[in-house]
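This report refers to the structure that appears directly beneath it.
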Amino acid sequence: MEPKTLLITGFMPFGSEDRNPSWEAVSALPERIGDWLLKKLLLPVEFSRAADLAEKAAEDCHADAILSVGLAAGRTAVTPEYVGVNVRDASIPDNAGVQPEGEPVDPDGPAAYFSTLPVREMTKAIQGAGVPAKLSYTAGTYVCNDLLYSLLHRFSGTTVRAAFVHIPLEKDLPLNESIHALTLAIEVI
Ligand code: PCA
């Protein structure tokens with residue numbers, strides 16, 4: 001089978017964290033998993049800008065699918081995200097100092113989009129390997145949700161599918177387990 005292109009993104013550190021395991025996990029993945037050639041992209045934790053950079057990279061590399069990864073401090077399982085919502089509501093400023101309170105991601109967009117990659121199958125595959133995982137119905141209202149909603153909006157009606165996976169802090173789940181989880185998630189796309 002012809003290899004397909006997966007744009008996979010991770011984030012820079014933000015808030016009080018000096019590391020972000022999302023990029024550490026993404027950058028540790030091999031260049032190819034199954035039929036997928038991985039194109040990796042490090043994103044700034046900034047409303048709009050992260051999504052703009054990811055959209056442009058997806059177009060430039062003719063991505064067939066996009067899997068974005070972020071840190072969810074406080075969660076202890078890998079959580080594929082079911083839905084992105086049209087809300088920006090930040091309890092801390094982003095890395096550009098922007099802190100929206102109850103604004104839409106896109107004033108003309110629908111309230112929400114469901115992920116277009118098989119997040120339920122991803123969750124089951126990760127659980128099946130003994131790594132803690134749970135399907136999540138909220139990606140929050142910070143930059144991760146902003147990215148997920150924006151990508152689903154931008155590529156709505158196209159063949160480009162997208163999803164988001166949150167991973168825990170390394171103290172709550174070792175990085176090699178998050179890396180294993182991402183590999184399993186990609187294998188079921
Ligand atoms: N987590 C944040 C943004 C960047 C990241 O890794 C979030 O969950 O919105």
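Whatever order the structure lists them in is the order used to number ligands and atoms, beginning at 1. When a residue number appears, it is its place in the shown sequence, counting from 1.
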Practice problem: Would you mind checking if Lys56 and Asp52 are paired as a salt bridge, meaning a charged N to carboxylate O distance below 4.0 Å? | Solution: no
Exercise. Please list, by chain and number, the protein residues whose heavy atoms come under 4.0 Å of ligand 1.
Key: Phe11, Phe14, Asn20, Val45, Gly70, Leu71, Tyr142, Val143, Cys144, His166
Exercise. Would you check if Val26 and Thr9 make a side-chain contact, meaning some heavy-atom pair closer than 4.5 Å?
Key: no
Quiz item: Is the closest basic N to carboxylate O distance between Lys134 and Glu81 below 4.0 Å?
Solution: no
Quiz item: Is it the case that more than 12 heavy atoms not belonging to Lys40 sit under 6.0 Å from its NZ atom?
Solution: yes
Quiz item: Quick one: salt bridge (charged side-chain N to carboxylate O under 4.0 Å, His left out) pairs with a partner in residues 141-155, sequence neighbours left out?
Solution: Glu59-Arg154, Arg88-Asp146
Practice problem: Compare every heavy atom of Ala57 with every heavy atom of Leu41, then report the nearest pair and how far apart it is. | Solution: CD2-CB, 3.7 Å
